[in-house]
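To keep things clear, I will list the structure first and then write my remarks on it.
Ligands are counted one by one from 1 in listed order, and the atoms in each one are counted from 1 as well.
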Amino acid sequence: MGNNDGIQEEQNSEGYMRIQDIPALNQSHCKMRDPQLVERIINEFVNGGPERMQFVSDFDYTITKQRTEDNLPVLSSFGIFHECKSLPPYFKEATDKLFHKYRPIEIDPHMPVEEKVQYMIEWWTQSSKLVSGFPFDESELDHSASKYKRALRDRTHELFATLLHLQIPVLVFSAGLGNSVVSVMQQAGIMHANVKVISNFLQYREGLLDGFQLPMIHTFNKNETVLVGSEYYDLVHTRDHIIVMGDSIGDAEMANGVPASSHILKIGFLFDHVEANMEKYMNTFDIVLVDDQTMDVPNALLALVEQRHQLRHPRVANGTSPVVLANSAL
Ligand SMILES: C[n+]1cn([C@@H]2O[C@H](COP(=O)(O)OP(=O)(O)O)[C@@H](O)[C@H]2O)c2nc(N)[nH]c(=O)c21
Ligand SMILES: [Mg+2]
């Protein structure tokens, strides 16, 4: 009987997954425009296995929380840098001035994106110039970042551990400051070997800051087109099952540049002005999570992929998976 039971269990689990059988997707704050489409994509991901998957996530307010239990503010990656005490006195005022000029353009609902791009290049270029000509000790940034590792969404460690275990490449995209992103992730213990951060990193010349390294990552080129020709692109371009996570409408575009035949599941975290934004988020993301400060939904989806994977590739005696994927390019 024991053996037959096992076969029965395997046949059931090889069957079609229903949304109603996935508790995380049945929570009242979990909204879907087209649940049947989500169901189909999940089944494709589960059947395709981890070898076909890649994970793409925004950093600020996606990996970090939008709201913490103690209501302490969560700084953005630029904000973490701006907290550093050794920045010159003119710095804060000058960056604030740029923010007040360009931020309204970035979020202007009427201006076409092509027009905005020029302004964004101007903004990031001027910001890069301000980050030039003075010494900077990155341990100061680490100190500032250490306060924000507590601000990761609940169960972020589990998410990154599963992604590592399944050898799914993870791309963390940020149009902010990469040094802050990496510092927070390292200090939180989630900067694993399968994680790549694409962002703006500080550059130095003769011991002084010299702006951001190229290519510049701004709001409207924050997508996989910037990867073309890179080692990371070679690693992921055949991985056509993609989970994308973000908190801003533009984050849904992060997988632009992947082959058109790819299947993409977009998860959006909505917190600010829920009612006013709901329609736009529902039209943009496949799953909208309203004031959800956890990684429970992506964890639930990966658990399904992992379960099926384990049935197909039972662990060998020493507990390691027999499937080894090369990820040295990460
Ligand atoms: C050049 N620049 C851009 N930003 C903002 O930083 C954001 C970083 O972009 P993101 O990483 O896509 O952002 P998100 O996760 O916070 O949505 C952009 O959307 C800009 O509004 C900036 N913010 C600050 N504080 N200082 C800057 O110099 C600066
Ligand atoms: Mg964000």
At a non-hydrogen distance cut-off of under 4.0 Å, which region of [X] contacts ligand 1 (side chain, backbone, both, or neither)?
| X | value |
| --- | --- |
| Ser127 | side chain |
| Asp60 | both |
| Arg103 | side chain |

Quick one: salt bridge (charged side-chain N to carboxylate O under 4.0 Å, His left out) partners of Asp292, sequence neighbours excluded?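 Partners of Asp292 under the salt bridge (charged side-chain N to carboxylate O under 4.0 Å, His left out) test: none.
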Which atoms from ligand 1 have a heavy atom of Lys222 less than 4.0 Å away? 10 (P), 12 (O)
With heavy atoms of Ser248 as the reference, note each atom of ligand 1 found under 4.0 Å away. 17 (O)
[X] N/O under 3.5 Å from ligand 1 N/O:
| X | result |
| --- | --- |
| Glu106 | yes |
| Ser76 | no |
| Phe99 | no |
| Asp58 | yes |

Assess the side chains of Gln187 and Ser183: does a donor N or O sit below 3.5 Å from an acceptor N or O? yes
Rounded to 10 degrees, what angle sits at the Mg ion (ligand 2) between Asp247 OD1 and Asp58 OD2?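 Angle OD1(Asp247)-the Mg ion (ligand 2)-OD2(Asp58): 80°, rounded to 10°.
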Got a salt bridge between Asp296 and Arg153, using NZ or NE/NH1/NH2 to carboxylate O under 4.0 Å?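 The answer is no: the pair does not qualify as a salt bridge.
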Residues that Leu37 engages under side chain to side chain contact (heavy atoms under 4.5 Å, CB included), provided they are two or more places apart: Arg33, Asp34, Arg40, Ile41, Asp286
Shortest-distance N, O or S atom of Asp60 relative to the Mg ion (ligand 2):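 The Mg ion (ligand 2) is closest to the Asp60 atom O, counting only N, O or S.
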